[in-house]
K.L.:
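Dropping a structure here in C-alpha cells format, bear with me for questions.
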Amino acid sequence: MHVWLIKLEDPLPADKGFRAYRMQMLADALVKRGHTVTRWCSDFDHQNLENRFGVDTELDVAENYHVRLLHSSVVYTKRVSLARLINNWLLARKFRKMAARIQERPDIIVCSMPTPALAAASVKVA
C-alpha cells in the first residue's frame, strides 16, 4: 500500500536534534510493515524557524520512505503570525499543484491538522 502522510511542521530525521513525532512514528510503523510512505512537509523547520534547503526538495529516508519538502518564499519568525498563515496557504496551494502531477496515486492520505488549507487541498487531491 502507498500512503501519503501530510503535516507541515513535524521534525524530520535529517534535522538537527531530531526527535520523532507522530508522523515519523506512523511512517516508521508503515515502512516496517512493508508499505511505501511519502511524507509531505514544509522546507521551513518550524522548531528552529529557518529553511532546511531553501528550495523544493525530495529526500529518500529509507527504501520505501520518501519525503517531499515544499518551499515557500514567505518565512515567519513567530510561530503565531500572519506570515505563518500566508506560508501555510501558499504551501497548500503548491501541494495541490505538485500532487496533481504525480502519476502514482496513494491508497491512503493522512493529513494532520493544522492547517485547514492543507487539509482541504488533500481532500481535493484525494
K.L.:
Look at the side-chain heavy atoms of Ile, Leu, Val, Met, Phe, Trp and Tyr, link any pair under 4.5 Å apart, and say whether Leu12 and Val37 land in one connected group.
P.N.:
yes
K.L.:
Kindly say whether Ala120 contributes a backbone atom to a donor-acceptor pair with the side chain of Arg96 at under 3.5 angstrom?
P.N.:
no
K.L.:
Kindly work out whether a path of hydrophobic side-chain contacts (I/L/V/M/F/W/Y, heavy atoms less than 4.5 Å apart) joins Trp40 to Met23.
P.N.:
no
K.L.:
Same cluster for Phe53 and Val75 if Ile/Leu/Val/Met/Phe/Trp/Tyr side chains link at under 4.5 Å?
P.N.:
no
K.L.:
Enter the distance from Leu30:CG to Ile108:CD1 here, rounded to the nearest 0.5 Å.
P.N.:
8.0 Å
K.L.:
If you take all heavy atoms of Asn64 and Val31, which pair is closest and at what distance?
P.N.:
O-CG2, 3.8 Å
K.L.:
Would you say Asn87's side chain and Val74's backbone share a donor-acceptor pair under 3.5 angstrom?
P.N.:
yes
K.L.:
Specify whether Tyr76 and Phe44 have parallel, tilted or perpendicular ring planes, treating 30° as the upper limit for parallel and 60° as the lower limit for perpendicular.
P.N.:
tilted
K.L.:
Is the backbone of His46 close enough, under 3.5 Å, to the side chain of Arg79 for a donor and an acceptor to pair up by distance?
P.N.:
yes
K.L.:
Is there a path of hydrophobic side-chain contacts, each under 4.5 Å between heavy atoms of I, L, V, M, F, W or Y residues, that connects Leu90 with Met98?
P.N.:
no
K.L.:
Does the Asp43 side chain pair with the main chain of Gly54, one donor and one acceptor, at a distance under 3.5 Å?
P.N.:
yes
K.L.:
Give me the atom names and distance for the closest heavy-atom approach of His71 to Asp56.
P.N.:
N-OD1, 2.7 Å
K.L.:
May I ask you to decide if Met25's main-chain N or O and Asp28's side chain share a donor-acceptor pair within less than 3.5 Å?
P.N.:
no
K.L.:
How close do Pro106 and Trp4 get, heavy atom to heavy atom, and via which atoms?
P.N.:
CG-CD2, 3.5 Å
K.L.:
Distance alone, cut at 3.5 Å: any donor-acceptor contact between the side chains of Gln24 and Arg39?
P.N.:
yes
K.L.:
Treating Arg93 as the side-chain partner and Trp89 as the backbone partner, does any N or O pair qualify as donor plus acceptor under 3.5 Å?
P.N.:
no
K.L.:
Within this structure, what is the CG-OG distance for the pair Leu69 and Ser42, rounded to the nearest 0.5 Å?
P.N.:
7.5 Å
K.L.:
So, Lys16 and Asp45, do they make that salt bridge, N to O below 4.0 Å?
P.N.:
no
K.L.:
Atom CZ in Arg68, atom CD1 in Ile102: separation rounded to 0.5 Å?
P.N.:
3.5 Å
K.L.:
Determine the minimum heavy-atom distance between Arg105 and Ala99, stating which atoms define it.
P.N.:
NH1-O, 2.8 Å
K.L.:
I'd like to know if Leu118 and Ile109 are part of one continuous hydrophobic network [Ile/Leu/Val/Met/Phe/Trp/Tyr, side-chain heavy atoms within less than 4.5 Å].
P.N.:
yes
K.L.:
Taking all non-hydrogen atoms of both residues into account, name the closest pair between Phe95 and Ile6 and its distance.
P.N.:
CZ-CD1, 3.4 Å
K.L.:
Just how far is it from atom CG of Leu8 to atom CG of Leu91, taken to the nearest 0.5 Å?
P.N.:
5.5 Å
K.L.:
Would you tell me whether His2 and Thr38 have side-chain atoms, one donor and one acceptor, within less than 3.5 Å of each other?
P.N.:
yes
K.L.:
With rounding to the nearest 0.5 Å, note down the distance linking CG in Leu26 to NE2 in His35.
P.N.:
10.0 Å
K.L.:
Which atom pair, heavy atoms only, marks the closest approach of Ala119 to Cys111?
P.N.:
CA-SG, 3.6 Å
